[in-house]
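Just so it is clear: chains get the letters A, B, ... in the order the sequence lines come, proteins before strands, and each one is counted from 1.
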Protein chains: 2
Amino acid sequence: MAKDPVPRRTLTLRDVSEASGVSEMTVSRVLRSRGDVSVSTRERVLEAARALGYVPNKIAGALASQRVNLVAVIIPSLSNMVFPEVMTGISDVLEDTGLQPVVGVTNYSPEREEKVLYEMLSWRPSGVIIAGLEHTPAARAMLQNAGIPIVEVMDIDGTPVDSAVGISHFRAGRHMAAAIVAAGYRRIGFLGTMMPHDHRARKRLEGFEEELAKSGLEVQDREFYSGGSQLLKGREMTEAILTRSPDLDFLYYSNDMIAAGGLLYCLHHGIDVPGKLGLAGFNGVELLEGLPCRLATMDACRHEIGRRAAEIIAGQHEAGATGGIITELEPKLQPGDTIRST
Amino acid sequence: MAKDPVPRRTLTLRDVSEASGVSEMTVSRVLRSRGDVSVSTRERVLEAARALGYVPNKIAGALASQRVNLVAVIIPSLSNMVFPEVMTGISDVLEDTGLQPVVGVTNYSPEREEKVLYEMLSWRPSGVIIAGLEHTPAARAMLQNAGIPIVEVMDIDGTPVDSAVGISHFRAGRHMAAAIVAAGYRRIGFLGTMMPHDHRARKRLEGFEEELAKSGLEVQDREFYSGGSQLLKGREMTEAILTRSPDLDFLYYSNDMIAAGGLLYCLHHGIDVPGKLGLAGFNGVELLEGLPCRLATMDACRHEIGRRAAEIIAGQHEAGATGGIITELEPKLQPGDTIRST
DNA sequence: CTGAAAGCGCTAACAA
DNA sequence: TTGTTAGCGCTTTCAG
């Protein structure tokens, strides 16, 4: 395969202009479909551009027009099942708006979040979608001063910088606790991933405990783990907590993956679920549908959150600043087969 | 909360220059830590920048310097478990190179891939990492003419545009077939996700069938599905194929998620695995570690692929074009507990 | 060590 | 409908 004499310099509008005998300005108009251009010149330009293999330089375009069709999306993790779904919601909506999502990952580190945010803002995006309401003071300041629509997603228990779309994790925890108590469970254990910066899991637990307290109950035992396969950790933690506190009659997990691990453990060991032991997770991940038994969980509305957030960005991009839209979604409790029916 | 008189115009170098009484040029030098600047002026500048909340405009910087520290990463999907791991490998390496990955998702559509690629190239990234060797002619042309390092990842059965890092899926299929035949299985079924553009799954099946043919065997029955929860599809497909062809003694799945679904189905129904029925998947996903029984699979070296690809990009970014580095990784067969030991 | 001039490749705003 | 003229905000280059 003989290689063409590769153009060492990347092509510019000027090249297309010369090749087509049309002014740079008109070439630009054709390539952006802006303004009126006669059919004949349009075709001449398009053909020249295609023949040359011209790819416009958005950097120059953005600088000149002061417009960047990028939306910064900042999330804690990609390997969490949860965020890819939010991303899907965002992409679905942005698809037909001319806006493009650009993802940054923080690994649940506030410092990293600050850095990623700075990095992304320096590209002057048209908007920011960022997970959570907790940020470093510097990050908050950047968001505030960016002068573009900001949507904080997933959580609404707190004060957003601008707009927010999410659920109340605090109330989600309460809601689950109420359901568990109503079903007659009394000796309840909690199993979570050890993540100091997972504020949403923390809020769920807080709400959970507060609701238990109303019935004079409290969490009897807890188990935390970090790192590794969540499903496996779920098994191991379940074994550990049941060995230590064999009289527990309910296990509340901070997410569905570890809960699924626990469920598999219980099924494997012939533990009577939900009779002797009830189980519940959180998130409503697709994975659960494949399990032998439907785990109790709460849908976190991830796809919807992504959609709504993108709609806010797109809307304000169109219409100019509006700001401060707060959307609370209602997570649905899915009792499944792992809580006794009342 | 009273809002500050928000600066409606975003800050420029000039603002920092005026605030600090230092020329724009020197401010620029300080902010990029380039060239020698006296400690006193440096501090003055830094303080002014911080006080104002200045965020540099990378668009202008990139245009002026003709340098963009972005690496385009183009993958089929985020919800696949597989690609996030590749991403992690990429991020790990890029972290300390000053390069930043930017993700584009194609949903396994060649047309979308072409569009995403065009979009990303128009930001003049320093390199491209793209999944697979199969692209539209236009996409190939763009890659060829981009004049930047290109690394095609995951697969090496074909002709790369520039560099490539991956495994031979064809040989992976052969390898698995050989192990299955050696273990004495003879009536083999295949279960896959229906994806015309998943070339890697296709190549695995081709290699698998070719190896079976050497022993005079062929795939007895097949089952395809698309969409939905992979774990659930795995269960359903397994039930379907076993109902239709109850005499099968091995099921080869195109990925671990559907295989895991099949495994759970078998365990649930008390099918003797691996005695009466053997099972195998592909990928070596972390999830498997949490299952009650270790599924036979092959590790696709995803993290390592990401690392190597990023190293190639970073290396060429440093040293100038080298090009055409092909790295083949060797996937390891993990027999687990779902193939009889020979 | 610091500054002034020129221009990166494109588009807004006019003019023709 | 088409072309011309100025920049966008920064960095390169070269001069002090």
Side-chain angles (χ1 to χ4, degrees), chain A residues 7-46 48-49 52-70 98 119 121-126 146-147, chain B residues 7-46 48-49 52 54-69 98 119 121-126 146-147:
Chain A
R8 239 26 276 166
R9 184 180 54 79
T10 55
L11 271 22
T12 71
L13 261 191
R14 168 174 229 117
D15 296 302
V16 182
S17 164
E18 283 170 0
S20 64
V22 176
S23 80
E24 285 186 43
M25 194 55 233
T26 300
V27 172
S28 167
R29 281 198 268 256
V30 171
L31 264 23
R32 287 176 300 146
S33 342
R34 276 264 146 59
D36 297 315
V37 179
S38 75
V39 186
S40 61
T41 43
R42 145 169 282 108
E43 279 180 357
R44 225 159 7 120
V45 169
L46 252 26
L52 293 173
Y54 171 70
V55 177
N57 185 332
K58 287 217 177 182
I59 299 177
L63 183 61
S65 66
Q66 306 281 56
R67 240 192 303 282
V68 180
N69 66 335
L70 262 28
E119 209 64 27
L121 284 182
S122 70
W123 286 100
R124 300 287 188 269
S126 294
Chain B
R8 239 25 279 165
R9 184 180 54 76
T10 57
L11 272 21
T12 70
L13 261 192
R14 167 174 231 118
D15 296 302
V16 182
S17 164
E18 283 169 0
S20 64
V22 175
S23 79
E24 284 186 44
M25 196 52 237
T26 301
V27 172
S28 166
R29 283 198 267 258
V30 171
L31 265 22
R32 285 175 301 145
S33 342
R34 275 266 146 58
D36 297 314
V37 179
S38 76
V39 186
S40 62
T41 42
R42 144 167 282 108
E43 279 179 359
R44 221 152 19 110
V45 169
L46 251 26
L52 292 173
Y54 171 70
V55 177
N57 185 331
K58 286 219 179 183
I59 299 177
L63 183 60
S65 67
Q66 306 280 58
R67 242 192 300 282
V68 179
N69 66 334
E119 209 64 27
L121 284 181
S122 70
W123 286 101
R124 300 288 188 267
S126 294

From [X] atom [atom1] to [Y] atom [atom2], the distance as rounded to the nearest 0.5 Å:
X        : Y         : atom1 : atom2 : answer
Arg34(A) : Ser28(A)  : CZ    : OG    : 9.5 Å
Lys58(B) : Leu121(A) : NZ    : CG    : 11.0 Å
Glu18(A) : Leu13(A)  : CD    : CG    : 11.0 Å

Do you know the tightest heavy-atom contact between [X] and [Y]?
X        : Y        : answer
Ser17(B) : Val27(B) : CA-CG2, 3.8 Å
Leu46(A) : Val30(A) : CD1-CG1, 3.4 Å
Val22(A) : Thr41(A) : CG2-CG2, 4.5 Å

What residues 55-68 of chain B contributes to the DNA chain C interface at heavy-atom separation below 4.0 Å is Leu63(B), Ala64(B), Gln66(B)

Rounded to whole Å, the CG-P distance (Asn69(B) to dT11(D)) equals 12 Å

Between CZ of Arg14(B) and C1' of dT11(D) the distance, given in whole Å, is 16 Å

Determine: side-chain N/O of Tyr54(A) to OP1/OP2 of dC10(C), distance under 4.0 Å, yes or no. yes

Note: contacts of residues 23-46 of chain A with DNA chain D (heavy atom, under 4.0 Å) are Ser23(A), Met25(A), Thr26(A), Arg29(A), Asp36(A), Val37(A), Ser38(A), Thr41(A)

Ser122(A) vs Val55(B) side-chain heavy atoms within contact, under 4.5 Å |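 Touching, per the 4.5 Å side-chain cut-off.
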
(request) For the residue pair Asn57(A) and Thr10(A), establish whether any side-chain heavy-atom pair is separated by less than 4.5 Å. (result) no

